[in-house]
Amino acid sequence: MRVLVTGGAGYIGTHTLIELIAAGHEPYVVDNFDNAVPEALNRVSELVQRPIPFTDCDVRDRKALTEVCETFRPEAVIHFAGLKAVGESEERPRDYYDVNVAGTLTLLAAMEAVGCRRIVFSSSATVYGVPEYLPYDEAHPTVPLSVYAKTKHMAEGILTDWQRANPEGAVMLLRYFNPVGAHVSSRIGEDPQGIPNNLMPFISQVAVGRRDKLMVFGDDYDTADGTGVRDYIHVTDLARAHVKAIEFAEHTAGAEVFNIGTGQGYSVLDMIRAFEKAADRPIPYEVTDRRPGDVAAMEADASRAAKHLGWRAELGLDAMCESVWGWQSANPQGYEEGR
Ligand code: UD1
């Protein structure tokens with residue numbers, strides 16, 4: 001299928017391009033390179049040995065998006081473009097609602113202009129809020145707490161209503177748990193700007209010597225070792241879930257929600273130990289206060305994706321850590337160029 005990929009130069013987007021091409025699809029990227037660099041697309045292009053067509057455009061730019069759609073005629077869209085830092089979303093709510101919510105509406109208008117009715121949306125398990133029970137299934141109540149979570153929840157609602165008004169359309173809402181890992185080639189990976197907010201990029205920057213030590217946010221949670229537990233999912237598994245979702249959307253109509261996780265939770269200390277093994281070096285850390293807004297544990301019940309999409313995570317914790325170390329040690333400063 002011809003697949004328009006918004007935010008295709010980003011962390012999850014680049015990995016998804018590789019899996020889309022491997023599965024015989026034809027991607028076209030739009031990205032405004034706000035939190036991504038063209039070098040990432042160059043590297044995808046090297047890996048797949050073909051050019052990756054793209055347009056430098058903002059997902060809120062209706063005219064530019066419509067022009068791309070009129071030229072490329074997408075049969076499906078994968079919508080990654082968005083802002084994703086929880087802390088920043090509290091400081092810049094207007095930007096988050098504008099990009100994540102208004103951007104989704106603009107994209108739908110451009111899709112309608114060319115009769116494209118299939119979309120896979122990059123949502124987040126953060127829409128569930130505080131767990132009432134674990135593992136989360138898709139029927140768990142959604143109580144989004146941060147501005148970021150609210151923007152994802154609103155976009156899910158917009159897409160669901162849009163599908164109801166376009167009954168032949170297909171909307172796939174993928175609620176990601178904690179994406180980590182890098183491509184096996186070590187050529188592409190996560191490259192956060194500034195100080196990483198998330199655990200895995202922070203650990204890998206400590207391992208490579210860019211930062212002195214990791215701060216562990218609390219060891220007094222009600223978990224086996226007291227540190228926070230999360231369901232980490234390898235980005236290559238996550239990328240493959242998108243391919244399964246567009247292929248499912250090709251033959252179906254409706255709005256569907258899928259948890260994308262492994263079902264296996266690991267604590268912060270588990271992650272440190274696994275990374276120490278992969279990188280063969282100690283990760284200095286210090287326990288500090290809990291981070292406001294963090295929950296003790298999150299785990300996915302991903303059986304719905306297995307049943308309907310025929311997708312399940314295949315890569316375990318060692319593959320996650322080894323691939324991150326491969327990427328970080330080969331690219332200590334990330335993509336460098338364009339920064
Ligand atoms: C965070 C976001 C979530 C978003 C996800 C995307 C918050 C509160 N949540 O999830 O909405 O969808 O990223 O990837 O920001 N930790 C440390 N030290 C660190 C960093 C993290 O101990 O320097 C701990 C955290 O307390 C948590 C675990 O590591 O227990 C994972 O944290 P993180 O990678 O930031 O992910 P989430 O908080 O689960």
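This structure is a prediction, so every number in the text was calculated from the model and none was measured. Whatever order the structure lists ligands and atoms in, that order sets their numbers, starting from 1. Along the sequence shown, the residues carry numbers beginning at 1.
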Taking the cut-offs as 6.0 angstrom to the six-membered ring centre and 45 degrees off its axis, would you call R290 and Y221 a cation-pi pair? yes

Will you find, in the side chains of T227 and D219, an N or O donor that is under 3.5 Å from an N or O acceptor? no

Without swapping roles, check the side chain of E75 against the backbone of M1 for a donor-acceptor pair under 3.5 Å. no

Strictly distance-based, threshold 3.5 Å: is any side-chain N or O of R2 a donor or acceptor partner for the main-chain N or O of E26? no

Amino acids contacting ligand 1, non-hydrogen cut-off under 4.0 Å: V86, S124, T126, Y148, N178, N197, N198, L199, L214, M215, V216, F217, G228, R230, Y232, V268, R291, D294

For salt bridge (Lys or Arg N to Asp or Glu O under 4.0 Å), just list the numbers for R304 and E138, CA-CA rounded to whole Å, side-chain angles, deciding distance to a tenth of an Å, and then say yes or no. CA-CA 8 Å; R304 196 165 191 278; E138 291 84 353; 5.0 Å; no

Counting only N and O atoms by type, is there a donor-acceptor contact under 3.5 Å from the side chain of H79 to the main-chain atoms of F121? no

